[in-house]
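What follows is a single structure, written as structure tokens, with notes after it.
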Amino acid sequence: MRPPAPPPPELLHPAEHPRFEALVRATAQAVWTADAEGRVVEDSPSWRSYTGQSWEAFRGLGWIDALHPDDRERAQQVWLDAVARGEGYEVEYRLWHHSGVYRWTVARGATVKGPDGEVVEWVGCNWDVDEMKRAQEAADRAAAFHQLMLGVVGHDLRGPLGAIQNAAELIQRGAAPDKLVPRIQRSTRRALAILEGLIDVTQHQLGDGLRLQRSDCDLDAVVNDVLAELEERLAGREVRRTRTGDAVGVWDAARVGQIVANLIGNAVQHGSGDWVSVGVHGDGPQVRLSVSNPAADLPPGLIELLFQPFKRDDAGSTPGLGLGLYIVSQLVDAHGGTLDATHRDGTLEISVGLPR
């Protein structure tokens, strides 16, 4: 007479499968069980070892207190939904580690059913995926940074390269070279400075350890050079220039040129009127640059997005990559300066303050 067949594996508690239990403990950081209602009623030494949480704190739904505060509500809801359905459970959350930090884990659970098919209890494990998670986040940041760099190249080089092309075409048509060659030289120098700056940016990222080549610099002269460079883009617009005080400081002239070019370019691209106002005021410990242009009412919250990369309002009324003002913000920050944007009476003004 044959002995009775053993019950199927899903009817047995993990403790009744020594090899299975050993395997799980070898591959997971914490193994746990819960009753049919989803409450922890049995101690888990591996959970306590990982989290440092006591059995009294762990039991019931107390395990949720070991999760990161931002993850608790979501993780608890996923667990209760799985219990209500009586189906498999999987969720990712940050779990307190006995070393004193939160670490990312993946929790998975499965039901144990009785002969009648009813859920008897749950068994589950937590796998520590913190290193993998952080590696993925670093890869995502690197990919976003590379995308940003490609955008910076395309955005910042458009101005000087366009000026060089325009001057070359004028010379080809018979314009006096002696008046246009200096413009070509200035634009070429600025394009090279941008490319050299990208080497720093690639190594340190924008605004983080950005190296500046400081020297005496006249902000008003930089503005004049940029306006000459952007002459074609400014065609048909009145440029209103104002200057007061001493505009000289010790800055990186190439970086300051990027600031000026991006602010004026932003005003030309997004302004709704036929004028652009550029002011340079050096009446105090800072030299202030302001660029204003007519602008329709801005959608709510857009002012806060102006200096963030790749941001556009929901209506899509701000075309392009949204890099210009972000680059400005990083370069101003590298100089220890201030940056502000205001919109009132139909005019958008962006103001930069550079410590001398």
Side-chain angles (χ1 to χ4, degrees), residues 155-156 159-160 163 183 186-187 189-190 193-194 197 206-207 210 212-231 233-296 298 302-304 306-307 323-356:
H155 186 282
D156 273 20
R183 182 187 303 180
R186 285 195 305 269
S187 298
R189 284 194 297 269
R190 204 162 81 78
I194 291 170
L206 282 171
L210 190 64
L212 301 178
Q213 302 295 324
R214 293 180 180 268
S215 62
D216 288 343
C217 174
D218 187 331
L219 180 56
D220 197 64
V222 172
V223 169
N224 289 335
D225 287 345
V226 171
L227 287 174
E229 191 174 275
L230 299 179
E231 182 178 5
R233 291 186 66 189
L234 289 166
R237 293 178 189 256
E238 176 191 1
V239 178
R240 302 175 181 177
R241 289 280 279 113
T242 57
R243 172 178 175 170
T244 59
D246 177 12
V248 175
V250 182
W251 309 304
D252 186 318
R255 310 289 196 185
V256 170
Q258 284 180 268
I259 293 172
V260 175
N262 283 345
L263 289 181
I264 296 176
N266 181 77
V268 172
Q269 181 176 358
H270 301 299
S272 59
D274 57 0
W275 59 268
V276 174
S277 176
V278 183
V280 177
H281 306 284
D283 302 316
Q286 285 192 333
V287 179
R288 187 170 64 87
L289 167 71
S290 62
V291 177
S292 307
N293 59 272
L298 299 180
L302 184 57
I303 284 284
E304 289 72 21
L306 285 179
F307 304 112
L323 281 171
L325 296 184
Y326 172 70
I327 295 167
V328 169
S329 72
Q330 300 302 294
L331 296 177
V332 170
D333 185 65
H335 281 87
T338 59
L339 181 63
D340 187 38
T342 57
H343 183 274
R344 62 171 64 93
D345 300 327
T347 298
L348 174 65
E349 178 179 284
I350 299 179
S351 178
V352 171
L354 295 176
R356 292 186 189 278

Worksheet, complete the sentence: On a heavy-atom basis, the closest approach of G265 and L230 is N-CD1, 4.5 Å

Worksheet item: Is a side-chain donor or acceptor of R240 paired with a backbone partner of G279 at a separation under 3.5 angstrom?
Response: no

Item to complete: Might you point out which heavy atoms bring D220 and R243 nearest each other, and give the distance in Å?
Response: OD2-NH1, 3.0 Å

Discussion item. Any non-hydrogen side-chain atom of T338 less than 4.5 Å from a side-chain atom of Q286?
Written reply: yes

Worksheet item: For the side-chain contact (heavy atoms from CB on, under 4.5 Å) test, which of V260, L263, L219 pairs with V352?
Response: L263

Discussion item. For V222 versus C217, what's the shortest heavy-atom pair and its separation?
Written reply: CG2-SG, 3.7 Å

Worksheet item: If we only count heavy atoms from C-beta on, is the L348 to T342 side-chain gap below 4.5 Å?
Response: no

Worksheet item: Given side chains that start at C-beta, do those of E349 and R344 come closer than 4.5 Å, heavy atoms only?
Response: no

Fill in: Heavy-atom check, side chain of W251 versus side chain of V287, under 4.5 Å
yes

Worksheet item: Taking all non-hydrogen atoms of both residues, which atom of V226 and which atom of A261 are closest, and how far apart?
Response: CG1-CA, 3.6 Å

Worksheet, complete the sentence: Looking only at heavy atoms, the pair that brings R255 and L331 closest together is O-CD1, 3.7 Å

Worksheet item: Hey, are S187 and E229 close enough side-chain-wise for a donor-acceptor pair under 3.5 Å?
Response: yes

Discussion item. Tell me whether D252 contacts the main-chain N or O of Q213 through its side chain, where contact means a donor paired with an acceptor under 3.5 Å.
Written reply: yes

Worksheet entry | Separation of L325 CG from I350 CD1 (nearest 0.5 Å) | 4.5 Å

Worksheet item: Mind checking whether T242 and H281 have side chains closer than 4.5 Å, heavy atoms only?
Response: yes

Discussion item. To the nearest 0.5 Å, what is the distance between CZ on R356 and CG on D246?
Written reply: 5.0 Å

Worksheet entry | Closest contact, heavy atoms only, T347 versus S292 | CG2-CB, 3.9 Å

Discussion item. To the closest 0.5 Å, what do you measure between CG (L339) and CG (L354)?
Written reply: 10.0 Å

